[in-house]
Participant: 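Here's a structure for you.
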Amino acid sequence: MNLRFTGKKISALVTVLPSRETRFEDEMGNFGFSRAKSMKLKLVMGFDRHRLAGEGTCASDLCLHGLKRLFEAGELRPEEIDALLFVSQSPDHLIPATSNLIQGRAGLGRNTFCLDINQGCAGFVIGLVQAFLMLESGLWRKVVLMNGDTLSHRVGKRDRNIFPMVGDAGSVAVVENDPSGPPIHAVVYMDGSRSGVLQIPAGGARMPSTAATAVEEDVGDGNLRSKDHFFMDGPAVFNFVQTEVPPMIGELLAAAGATKEEVEYFLFHQPNRFMLEKLADALEVPRDRMPNNIVENFGNASSASIPTAIAFNLGAALRERKVRVCLGGFGVGLTWAALLMDLGPMRICELTNYGCDD
Amino acid sequence: MDELIGILQEIRPEFEFRESQDFLADGMLDSLDIVTLVAALDKRYRISIRGVEIVPENFRNLETLAALLRKYGVSA
């Protein structure tokens, strides 16, 4: 679907990273590859360092830390928050909604509308679309969008498809009205018929977790994981992204009447360096205008990867000036979505650390 | 073809690629090897193999690989 919004902006952005950092070279012995093969993968895929939350740390902790940072900086007051969106696949509990828990811990008013959204790699774009729609109603003036995941807790440590790239992070974006803001265009697609290529099979009502679902096994692809772990069919996901994302971006630019040259940066979800390089080539966009440095520095934190990319690559610029960007997310659902909008200037656009209990 | 075999053996030196008609079924290349192979071919021939062409059918044997490279003007 094609969507168009007017008069909206992100007025502040904080991305919170767990302070615990581990390195691919220390972990690659778990993956059953030769050192030579692992080093080639490190180079091609961008596997290097990743930030992993301690066992006791939840995505909500990271996001709450970011929210408090905005309070402390005087960027936002609790009573100003009309709605709180928490986009995550790592809820604190099955019941209640984590957004309600955050509302309580942050001391927000009872008028705050809280909503959890279960989305993954496209979750920052989906969350922004939801925030824009809420602002469009005229009922709310400030929506806090939180994107957080601690999926490293649900990934098999010997699963070489996922563990080298996974990271944990949380982000907090303040989304509000901006009557002078230019139009924002969005394209969103979803296809649940292909959802099985990215899934945690057990732990929900369809397949409750049991002792049997916790047993790690090789299902034929050389990876060791259990049914409680996150599963990714890497080749199928790669093909999905390369097939669906370039035409979606073409559709977005056509709807906006914009050219690729008018877009300063393409800030996409970052599963690995290779995938981003192939997307940049397919779109005929210079690779340096599609940053691919998040996996190597922090790991892929699902819906928090785009806000991480924004703060890491453009934080200093956005504190000074406006930057026209195309945001693109793709993954779990399957969901793929993109936005064309201006970011900045904003007083706060930063990365910050969260000390983990490890 | 010798150069192509050399590139493959850089990635998986333990296999004799001339002897297989299906590298994937014979367990000689996995999906991550294909990624490494594409990166090596891109660099060697100064091309960029399109993401939509990184599918198993193009990496089954020396003939399918050579056919893929011909699309980019490379005769392997």
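Chain A is the first sequence line, chain B the second, and so forth, proteins listed ahead of strands; every chain is numbered from 1.
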Participant: Report yes if the side chains of A/K37 and B/R12 come closer than 4.5 Å at any heavy-atom pair, otherwise no.
Facilitator: yes

Participant: Nearest 0.5 Å, please: how far is CZ in A/F274 from OG1 in B/T36?
Facilitator: 8.5 Å

Participant: Identify the residues of residues 63-75 of chain B whose heavy atoms come closer than 4.5 Å to a heavy atom of chain A, ordered by number, or report 'none'.
Facilitator: none

Participant: Under a 4.5 Å cut-off applied to non-hydrogen side-chain atoms, are B/V35 and A/M45 in contact?
Facilitator: yes

Participant: Could you check whether any side-chain heavy atom of A/F238 comes within less than 4.5 Å of a side-chain heavy atom of B/I34, counting everything from C-beta outward?
Facilitator: no

Participant: Could you tell me which non-hydrogen atom of B/S48 sits nearest to which non-hydrogen atom of A/R287, and how far apart they are?
Facilitator: OG-NH2, 4.3 Å

Participant: If you round to the nearest 0.5 Å, how far is CD1 of B/I54 from CE of A/M275?
Facilitator: 9.5 Å

Participant: Could you tell me which residues satisfy side chain to side chain donor-acceptor pair (under 3.5 Å) with A/K157, sequence neighbours excluded, listed by chain and number?
Facilitator: none

Participant: Within this structure, what is the OG-CG distance for the pair B/S31 and A/N239, rounded to the nearest 0.5 Å?
Facilitator: 12.5 Å

Participant: Under 6.0 Å from the CD atom of A/E261, do we count more than 12 heavy atoms belonging to anything else shown?
Facilitator: yes

Participant: Can you tell me if OH on A/Y265 sees more than 12 non-hydrogen neighbours from other groups inside 6.0 Å?
Facilitator: no

Participant: Could you pull out the closest heavy-atom pair between B/D30 and A/R160, with the gap in Å?
Facilitator: OD2-NH2, 4.4 Å

Participant: How long is the span from the CG atom in B/L32 to the NZ atom in A/K40, to the nearest 0.5 Å?
Facilitator: 13.0 Å

Participant: Is there a side-chain contact between A/E277 and B/D42 in this structure, where contact means two heavy atoms from C-beta onward sitting under 4.5 Å apart?
Facilitator: no

